S.K.: 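For reference, the structure I am asking about is given below.
Note on naming: letters A, B, ... go to the chains in the order of the sequence lines (proteins, then strands), and numbering restarts at 1 for each one. Below, all heavy atoms of this structure are taken into account, side chains as well, without hydrogens, waters or symmetry copies. Everything numeric in this text was worked out from a predicted model, so none of it was measured.
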There are 2 protein chains.
Amino acid sequence: MKLTSKGRYAVMALVDLAKFNNINPVSLRDISLRQGISLDYLEQIFAKLRKKEIVQSVRGTQGGYILNKKAKEIKLTNIFEAVDEKVKTVQCKKESKKGCNGKPVKCLTHNLWDELESHINNFFNKKSLDDLVKDNEEKSV
Amino acid sequence: MKLTSKGRYAVMALVDLAKFNNINPVSLRDISLRQGISLDYLEQIFAKLRKKEIVQSVRGTQGGYILNKKAKEIKLTNIFEAVDEKVKTVQCKKESKKGCNGKPVKCLTHNLWDELESHINNFFNKKSLDDLVKDNEEKSV
DNA sequence: AGATACTTGACTATTTTAGTCGGGTTTATA
DNA sequence: TATAAACCCGACTAAAATAGTCAAGTATCT
Ligand code: FES
Ligand code: FES
């Protein structure tokens with residue numbers, strides 16, 4: 001049960017971006033330097049964020065990325081989904097009637113993992129990027 | 001963010017065991033057949049459960065495993081801990097003042113992941129093996 | 001004695017992760 | 001118009017984690 005760096009980095013980078021979003025586009029190079037994340041890796045991550053319309057790109061010198069929505073409207077769920085960091089507690093296909101390993105029924109614990117998944121997704125649905133930025137400002141005051 | 005089979009199997013096997021715990025020890029072979037888990041793998045898992053005193057072993061013919069505590073007193077947390085399925089959302093050492101990659105301060109998102117970790121552990125602390133068995137009985141009625 | 005079942009430790013194939021690398025294209029600005 | 005900053009794209013790869021397997025035991029019941 002662990003979080004991967006991709007998800008961690010995606011959120012970290014977006015919080016950074018949201019903080020500096022006011023004036024100009026923010027370049028990945030800056031984010032890379034400030035947050036200590038490999039530039040090449042960031043590019044992969046932002047390609048996905050762009051496809052899901054969470055950020056917009058501005059090409060050329062002085063270019064970078066800007067948020068494509070209000071920070072309040074970007075939930076952790078959206079970010080995670082964009083970078084394919086999904087919460088996966090069950091092994092079976094959820095929709096199907098079959099169980100874990102293609103068994104005819106759901107296993108003894110299916111229900112439990114399903115509950116767990118909801119529990120976690122609940123957390124992700126509540127938190128917005130805006131919340132994170134604010135939490136952060138408070139902390140540093 | 002995903003659950004490994006080791007954790008899944010450990011819980012599955014223990015629910016099975018708890019259901020049949022009344023009379024005789026339950027053999028891994030039976031659990032293996034009923035739950036479709038490799039016997040060899042189960043042995044690894046039960047070795048750990050035994051070390052953490054969640055189950056007791058009975059050797060010889062008609063042997064097997066029995067619970068070492070009341071099902072009500074075995075929480076998911078205990079099971080997960082026993083098989084080294086830990087919830088790990090942060091990358092830094094929690095106790096240390098340092099951040100993710102040995103940076104001098106905690107990163108922008110440290111707080112968030114810490115909250116998430118508590119949120120999940122909360123779930124695991126509440127659920128006991130007994131709850132699971134009962135949920136299951138209800139379902140099958 | 002034989003069968004059943006736990007015990008231990010090493011070994012391995014597969015998958016996932018966390019990147020790297022090498023080539024682009026676009027655009028501001030000097 | 002040259003140059004450099006920045007995004008864009010796809011392929012590649014080393015390392016780690018996962019999900020087992022395998023072999024060779026030991027204990028106990030019948
Ligand atoms: S997790 Fe869905 S059937 Fe086992
Ligand atoms: S997760 Fe703790 S400092 Fe980044």
S.K.: Distance check, rounded to the nearest 0.5 Å: B/Asn78 atom CG versus B/Leu129 atom CG?
M.R.: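 Between atom CG of B/Asn78 and atom CG of B/Leu129 there are 10.0 Å.
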S.K.: Starting at CG of B/Leu39 and ending at P of D/dA23, how long is that distance when rounded to a whole Å?
M.R.: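 Spelled out: CG on B/Leu39 to P on D/dA23 is 15 Å.
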S.K.: Hey, does A/Arg50 reach any base, or is it just sugar-phosphate, or nothing, if we go heavy atoms under 4.0 Å?
M.R.: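 Contact class for A/Arg50: sugar-phosphate only.
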S.K.: For A/Gln44 and D/dC8, what is the distance between atoms CD and C1' respectively, to the nearest whole Å?
M.R.: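 That distance rounds to 12 Å.
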S.K.: Say whether, by atom type as modelled, one donor and one acceptor occur between the side chain of A/Asp30 and the main chain of A/Val26 under 3.5 angstrom.
M.R.: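 No, because the side chain of A/Asp30 does not come within donor-acceptor range (under 3.5 Å) of the backbone of A/Val26.
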S.K.: Please tell me which of A/Arg29 and B/Ser5 maps to the more 5' nucleotide of DNA chain D, matching each residue to the nucleotide holding its nearest heavy atom.
M.R.: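 Its nearest nucleotide lies further toward 5', so the answer is A/Arg29.
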S.K.: Looking at the side chain of B/Tyr41, which of D/dC8, D/dA4, D/dG20 is the nearest nucleotide?
M.R.: D/dG20
S.K.: Can you tell me how far P of D/dC7 sits from CG of A/Asn24, to the nearest Å?
M.R.: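 Spelled out: CG on A/Asn24 to P on D/dC7 is 13 Å.
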S.K.: How many Å lie between CD1 on B/Ile45 and C1' on D/dT21, as a whole number?
M.R.: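 Interatomic distance, CD1 of B/Ile45 to C1' of D/dT21: 14 Å.
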S.K.: To the nearest Å, how far apart are B/Met12 CE and D/dA19 P?
M.R.: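 In whole Å, D/dA19 P lies 12 Å from B/Met12 CE.
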S.K.: Is B/Tyr9 near enough to D/dG20 that one of its side-chain N or O atoms lies under 4.0 angstrom from OP1 or OP2?
M.R.: yes
S.K.: Salt bridge or not for B/Glu117 and B/Lys88, using N-O below 4.0 Å?
M.R.: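 Judged by the 4.0 Å cut-off on N to carboxylate O distance, B/Glu117 and B/Lys88 do not form a salt bridge.
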S.K.: Which nucleotide wins on minimum distance to the side chain of A/Lys2, given the candidates D/dA11, D/dA17, D/dT28?
M.R.: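 Comparing D/dA11, D/dA17, D/dT28 against the side chain of A/Lys2, the answer is D/dA17.
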S.K.: Under the 3.5 angstrom rule, does the side chain of B/His119 hit a backbone N or O of B/Asp114 as a donor-acceptor pair?
M.R.: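 Not confirmed, B/His119 side chain does not pair with B/Asp114 backbone.
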S.K.: Judged by each residue's nearest nucleotide on DNA chain D, which is more toward the 5′ side, B/Thr4 or A/Gly64?
M.R.: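 Comparing both residues, the 5'-ward one is A/Gly64.
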S.K.: When the distance from CG of A/Asp40 to C1' of D/dC7 is rounded to whole Å, what number comes out?
M.R.: 12 Å
S.K.: Using a heavy-atom cut-off of 4.0 Å across all strands, would you classify B/Phe46 as base, sugar-phosphate, or nothing?
M.R.: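 No contact at all - B/Phe46 keeps every heavy atom at 4.0 Å or more from the nucleic acid.
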S.K.: Is it true that A/Asp130 and A/Lys70 have a side-chain N and a carboxylate O under 4.0 angstrom from each other?
M.R.: no
S.K.: Looking at the side chain of B/Gln62, which of D/dC29, D/dC7, D/dA19 is the nearest nucleotide?
M.R.: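 Nearest nucleotide to the side chain: D/dC29.
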S.K.: Given D/dC9, is OP1 or OP2 found less than 4.0 Å from the side-chain N or O atoms of A/Arg59?
M.R.: no
S.K.: Send over the distance from B/Lys6 NZ to D/dG20 P, rounded to a whole Å.
M.R.: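 My rounded result for the distance is 11 Å.
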S.K.: Decide yes or no for B/Arg8 and A/Trp113: does some side-chain heavy atom of the first lie under 4.5 Å from some side-chain heavy atom of the second?
M.R.: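 Yes, close enough: below the 4.5 Å cut-off.
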S.K.: Return the 5'-most residue of the pair B/Gln91, B/Ser57 with respect to DNA chain C, ranking by each residue's nearest nucleotide.
M.R.: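 Mapping each residue to its closest nucleotide by heavy atoms, the 5'-most match is B/Ser57.
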S.K.: When you check the phosphate oxygens OP1 and OP2 of D/dG20, does a side-chain N or O of B/Ser38 lie under 4.0 Å from one of them?
M.R.: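 No, B/Ser38 has no side-chain N/O under 4.0 Å of OP1/OP2 on D/dG20.
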S.K.: In a check of side-chain contact (heavy atoms from CB on, under 4.5 Å) between B/Leu49 and each of B/Leu67, B/Ile54, B/Leu17, which one passes?
M.R.: B/Ile54
S.K.: Take the protein atom NZ of A/Lys48 and the nucleotide atom C1' of D/dC7, then report the distance between them rounded to whole Å.
M.R.: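 Result: 17 Å.
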S.K.: Could you list where the contact with chain A starts and ends along DNA chain C, reading 5' to 3', using a 4.0 Å heavy-atom cut-off?
M.R.: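 Taking any atom under 4.0 Å from a heavy atom of chain A, the span is C/dT17 to C/dA28.
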S.K.: Are B/Lys127 and A/Glu115 close enough for a salt bridge, meaning some N to O gap below 4.0 Å?
M.R.: yes
